[in-house]
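Bear in mind the structure is a predicted one, so any value in this text is a computation, not a measurement. Atoms within a ligand are numbered from 1 in the order they appear, just like the ligands themselves.
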Amino acid sequence: MRLETLAVHAGRRVDPTTGAVAPPIHLSTTFERDPDGSYSRGHLYARNSNPTREALEACLAALEGGAAAAAFASGSAATAAVFQALSPGDHVVAPHDAYHGTGRLLRETFTRWGLATTFADMTNPAEVQRALRPTTRVVWVETPSNPMWKVSDIRALAALAHDAGARCVCDNTVATPVGQSPLELGADLIVHATTKYLGGHGDLMGGAVIARVADDMLERVRAVQASGGGIPSPFDCWLVLRGIQTLPWRVRAHGENALKLARFLAEHRRVEAVHYPGLPSHPAHALAARQMRCFSGMLSFQVRGSAAEALGVAAKVRVFTRATSFGGTDSLIEHRASVEGPNSRTPDNLLRVSVGLEHADDLIADLEEALS
Ligand SMILES: *Cc1c(COP(=O)(O)O)cnc(C)c1O
């Protein structure tokens with residue numbers, strides 16, 4: 001079945017006891033045993049499994065074309081579970097522009113657990129090749145990457161990982177399953193912050209790990225989920241499931257709005273540069289066009305001048321909201337360097353935009369006014 005149909009139906013069915021078409025939210029922490037002591041209905045205790053979470057996991061696996069999924073309380077909990085599934089002494093190659101929290105986990109938390117990490121420019125396969133070691137177990141890919149929206153070649157990086165005996169893990173939060181299918185390109189695992197486009201309304205936190213095959217790695221991720229307990233609440237699972245029903249239509253609309261905004265910004269005399277993979281001027285537009293079905297709603301632009309000029313533009317918006325995060329209905333704008341702190345490599349004059357679902361003309365008018 002096609003993505004739009006899976007988004008509406010995967011993991012869902014009419015409730016057999018009531019006929020309810022929308023799925024119920026199962027809040028129970030514990031489940032009845034059969035007289036013989038078994039659990040023939042599949043559930044024992046809600047940290048291990050819960051029917052609402054199970055529905056979400058089935059849906060996520062179907063959307064990404066994976067064998068199975070494990071849902072977590074946040075994208076970061078899902079990311080951490082992948083690293084916790086490794087062993088001390090293992091080595092990870094990660095993008096130097098990985099999601100801020102992912103970089104921090106590797107630098108601050110997991111080095112103390114004995115994981116070694118080399119940060120590399122994932123747009124340069126030769127550099128990734130040099131970073132590989134005999135102990136490399138994971139090559140972490142994130143494309144497009146934040147906040148310059150660089151595009152790296154999932155197929156090439158997965159092949160490098162496999163030649164080195166490592167797995168390729170792709171954070172697909174920005175592109176979503178609507179924009180690209182990393183498992184088809186050779187990735188072994190996908191990580192999502194469902195907080196973003198999958199939830200889609202800026203009102204929940206969640207994450208997931210999706211596996212191409214149900215192997216020992218997935219078993220270890222599942223063990224972290226069940227024993228570590230970083231699980232999403234049934235209500236949050238339900239909200240993600242609900243958000244996913246409109247995901248294909250939302251993501252395409254976010255992308256259409258983003259392209260219009262990117263074209264407007266590229267022509268503006270106060271804009272020094274626009275970073276959006278959907279623009280032919282993007283350095284990896286050809287790769288993006290090959291690898292992606294649509295280019296997401298995330299873009300960044302640099303205002304001529306310094307941080308003061310960029311902050312001045314962000315201060316004047318009225319339709320956009322000055323806030324972090326992305327993937328919701330509301331357009332957001334953010335001065336990235338000040339969020340990232342003193343070690344940030346992000347240009348001082350860069351504003352990151354999450355293009356929402358308002359009318360593109362209203363968004364353009366708002367930025368036009370803010371740039372005037
Ligand atoms: C937001 C985000 C995460 C982390 O997700 P949380 O739900 O905030 O923990 C991981 N990767 C990417 C690409 C993200 O945008």
Exercise for the section: On the 0 to 90° scale, with breaks at 30° and 60°, tag the F264-H268 ring pair as parallel, tilted or perpendicular. Expected result: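 Plane angle over 60°, so perpendicular.
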
Exercise for the section: Over 60° means perpendicular and under 30° means parallel, so classify the ring planes of W149 and F326, tilted if in between. Expected result: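 Plane angle over 60°, so perpendicular.
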
Quick one: nearest non-hydrogen protein atom to [atom], plus distance?
atom                    : value
atom 7 (O) of ligand 1  : T195 OG1, 2.7 Å
atom 10 (C) of ligand 1 : Y99 CD2, 3.4 Å
atom 6 (P) of ligand 1  : G75 N, 3.4 Å
atom 1 (C) of ligand 1  : K196 NZ, 1.4 Å

Practice task
Just jot down the ligand 1 atoms closer than 4.0 angstrom to any heavy atom of F326, in number order.
Solution key: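 Listed by number with element, the hits are 15 (O).
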
Looking only at distance, does [X] have an N or O less than 3.5 Å from an N or O of ligand 1?
X    : value
T102 : no
S76  : yes
M205 : no

Practice task
Give the single entry among A78, A193, A80 that approaches atom 5 (O) of ligand 1 most closely by any heavy atom.
Solution key: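 Result: the heavy atom closest to atom 5 (O) of ligand 1 is in A193.
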
Exercise for the section: Report the member of L105, D171, V191, T173 with the shortest heavy-atom distance to atom 11 (N) of ligand 1. Expected result: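 Closest candidate by heavy-atom distance is D171.
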
Practice task
Indicate, with yes or no, if L299 and V178 share a hydrophobic cluster defined by side-chain heavy-atom contacts under 4.5 Å among Ile, Leu, Val, Met, Phe, Trp and Tyr.
Solution key: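 As far as the 4.5 Å side-chain criterion goes, L299 and V178 are not connected within one cluster.
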
Practice task
Report yes or no: do E309 and N349 form a side-chain donor-acceptor pair below 3.5 Å?
Solution key: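 Side-chain D/A pair, E309 to N349: absent.
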
Handout entry: Exercise: do S181 and R293 side chains pair donor with acceptor under 3.5 Å
Key =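 Yes, R293 and S181 have a side-chain donor paired with an acceptor closer than 3.5 Å.
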
Problem - Over 12 foreign heavy atoms within 6.0 Å of CZ, R270 - result: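 For R270, atom CZ is crowded (more than 12 foreign heavy atoms under 6.0 Å).
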
Handout entry: Pairs touching residues 13-50 that satisfy ring pair (Phe, Tyr, Trp, His ring centres under 6.0 Å), sequence neighbours left out
Key =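 Sorted result for residues 13-50: F31-H43.
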
